[in-house]
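As the structure is a prediction and not an experimental result, all values here were calculated from the model. All values below were derived from every heavy atom in this structure, side-chain atoms included, with hydrogens, water molecules and symmetry-related copies excluded. Start at 1 and go down the list; that is how both ligands and their atoms are numbered.
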Amino acid sequence: MSGEPTNEAPVEEVSSMSVEEDDDFVDPWTVASKSATGIDYGKLIKRFGSQKVDDELIQRMEKVTGKPVHHLLRRGIFFSHRDMHLILNLYEQKKPFFLYTGRGPSSEAMHLGHLIPFIFTKWLQETFDVPLVIQLTDDEKFLWKDLTLEEAQRLAIQNTKDIIALGFDVNKTFIFSDLQYIGSCPEFYKNMLRVQKMVTFNQVKGIFGFGDSDCIGKISFPAIQAAPSFSSSFPHIFNGKKDVPCLIPCAIDQDPYFRMTRDVAPRMGCLKPALLHSTFFPALQGAQSKMSASDPNSSIFLTDTDKQIKTKVNKYAFSGGGTTTEEHREKGGNCDVDVSYQYLTFFMEDDERLAQIKKDYTSGELLTGYLKKELIEILQKIVGEHRKRRAEVTDEMVQQFMTPRKLNYQY
Ligand code: TYM
């Protein structure tokens with residue numbers, strides 16, 4: 001989208017590398033904060049030049065859709081956006097948009113943090129009744145990790161099963177692996193080339209921190225993640241239309257890709273994609289880092305058993321409670337750093353119950369053990385139900401979702 005007032009700085013000036021000593025570090029590969037309460041998301045909005053999801057936007061979404069917003073929006077977990085008002089303006093004028101999100105298949109099992117954008121995307125798809133494209137960047141993981149192409153492709157299929165298990169509508173969702181799709185779609189490749197021609201090495205160095213010894217595959221990869229933002233990359237869905245607006249839900253670590261995309265879009269005669277950014281689901285050890293697939297003890301995986309979930313939460317979930325029961329009763333717990341409480345804000349749907357827990361934990365009435373027990377039950381239920389649904393996903397279903405085809409939508 002273009003033409004709106006914006007506080008976006010020139011794209012290469014928003015470097016992930018040139019941060020002050022005391023700043024948090026956020027890029028697509030590293031999320032780190034020195035503060036026990038984690039990333040300062042207000043500061044990040046200023047540095048990245050995005051907009052806060054404020055009450056006005058939330059009320060407007062409720063008015064336009066006629067239903068309450070998802071708790072992930074209400075609780076400030078999706079906290080930042082770019083051009084969401086424009087998406088709503090167009091939607092009101094009966095000009096629908098499409099959704100685009102993705103996953104880099106680096107591991108067999110996805111963790112709870114990865115679920116966040118997908119759960120929210122599903123809600124957006126149902127609420128706005130729009131098509132969705134999901135990119136699996138198996139090529140990215142081949143370039144960045146110690147993986148063969150074949151293994152990256154296999155992981156893409158495994159992760160696709162997890163995504164399908166979340167219940168996306170097959171008639172409105174196209175899931176594609178870069179290794180499978182790009183070679184079959186000249187329009188996608190043309191958009192990649194257009195982006196590649198417009199971004200200099202200097203710019204990607206500034207945006208992504210690439211160095212002289214990074215392989216050239218990495219340097220040109222951002223164009224591949226940019227291309228699905230343009231409706232012309234999916235001729236089978238949009239009949240060659242270039243002007244279908246795109247909305248991308250993701251955690252804020254992916255924003256560098258889309259700052260770059262928004263910078264080149266007008267020069268390509270395309271619309272800038274809009275974004276909704278989430279905070280990070282923290283590591284079990286605390287909010288200084290995000291849950292990461294490469295550290296098994298930092299994460300709860302969708303493949304974890306009930307017993308593993310219980311052990312991990314009890315053993316590793318950082319507590320904001322007092323060191324002794326007496327101290328806790330006297331001083332109360334600190335929800336701002338307590339990981340179990342943070343997890344409940346992502347997954348406990350009942351607002352009143354959550355508010356009561358916060359009150360009672362802060363006053364010292366509730367002990368950490370209770371909070372952990374409550375969380376373990378919720379997580380075992382979520383992961384258990386996911387396990388069952390995933391077991392029902394067949395190879396035929398994967399094939400169906402991944403076949404380029406018309407979606408059930410008229411533009
Ligand atoms: P990946 O596989 O690292 O992450 C997939 C999605 O999950 C988000 N995410 C998290 N959200 C909350 N808490 C966390 N701890 C957490 N960790 C990861 C990511 O922001 C992402 O939305 N290059 C991408 C794949 C991709 C993509 C996209 C993502 C391709 N196109 C478009 C978003 C939108 C990647 O490796 O994501």
Would [X] and [Y] count as a close aromatic pair, with their ring centres under 6.0 Å?
{"X": "Tyr257", "Y": "Phe208", "value": "yes"}
{"X": "Phe401", "Y": "Phe174", "value": "no"}
{"X": "Phe347", "Y": "Phe281", "value": "yes"}
{"X": "Phe98", "Y": "Tyr409", "value": "no"}

- Task: Apply ring-ring contact (aromatic ring centres under 6.0 Å, His included) to His386 and list each qualifying residue two or more places apart in sequence or on a separate chain.
- Result: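 ring-ring contact (aromatic ring centres under 6.0 Å, His included) list for His386, sorted by chain: empty.
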- Partner residues of Phe234 under the ring-ring contact (aromatic ring centres under 6.0 Å, His included) criterion, sequence neighbours left out: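 If we apply the ring-ring contact (aromatic ring centres under 6.0 Å, His included) test to Phe234, skipping adjacent residues, the hits are Phe176, Tyr181.
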Which ligand 1 atoms, with their elements, are less than 4.0 angstrom from a heavy-atom of [X]?
{"X": "Gly104", "answer": "1 (P), 2 (O), 25 (C), 35 (C), 36 (O), 37 (O)"}
{"X": "Lys141", "answer": "36 (O)"}
{"X": "Ile248", "answer": "34 (C)"}
{"X": "Thr137", "answer": "25 (C), 30 (C)"}
{"X": "Asp253", "answer": "19 (C), 20 (O)"}
{"X": "Phe280", "answer": "13 (N)"}

- Task: Have a look at His277, Gln254, Gln225 and point out the one with the heavy atom closest to atom 28 (C) of ligand 1.
- Result: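 Ranked by closest heavy atom to atom 28 (C) of ligand 1, first place is Gln225.
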- May I ask which of Pro117, Pro273, Ser229 has a heavy atom nearer to atom 8 (C) of ligand 1 than the others do?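 Nearest heavy atom to atom 8 (C) of ligand 1 lies in Pro117.
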- Purely on distance, is any nitrogen or oxygen of Glu140 under 3.5 Å from one on ligand 1?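 Yes; at least one N/O pair falls below 3.5 Å.
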- Item | Nitrogen or oxygen of Gln135 less than 3.5 angstrom from that of ligand 1 |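 In this structure, Gln135 places an N or O atom under 3.5 Å from an N or O of ligand 1.
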- Query: Of the protein's non-hydrogen atoms, which lies at the shortest distance from atom 13 (N) of ligand 1, and what is that distance?
  - Reply: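 The closest one turns out to be Phe281 N, 2.8 Å.
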- Task: May I ask you to identify the nearest protein heavy atom to atom 29 (C) of ligand 1, giving residue, atom name and distance to one decimal place in Å?
- Result: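 It is Gly102 O, 3.4 Å.
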- Message: My understanding is that only one of Ile58, Val53, Asp351 makes a side chain to side chain contact (heavy atoms under 4.5 Å, CB included) with Arg74; could you say which?
- Response: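 Passing option: Asp351.
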- ligand 1 contact by Phe258, heavy-atom criterion under 4.0 angstrom: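 Right, Phe258 reaches ligand 1.
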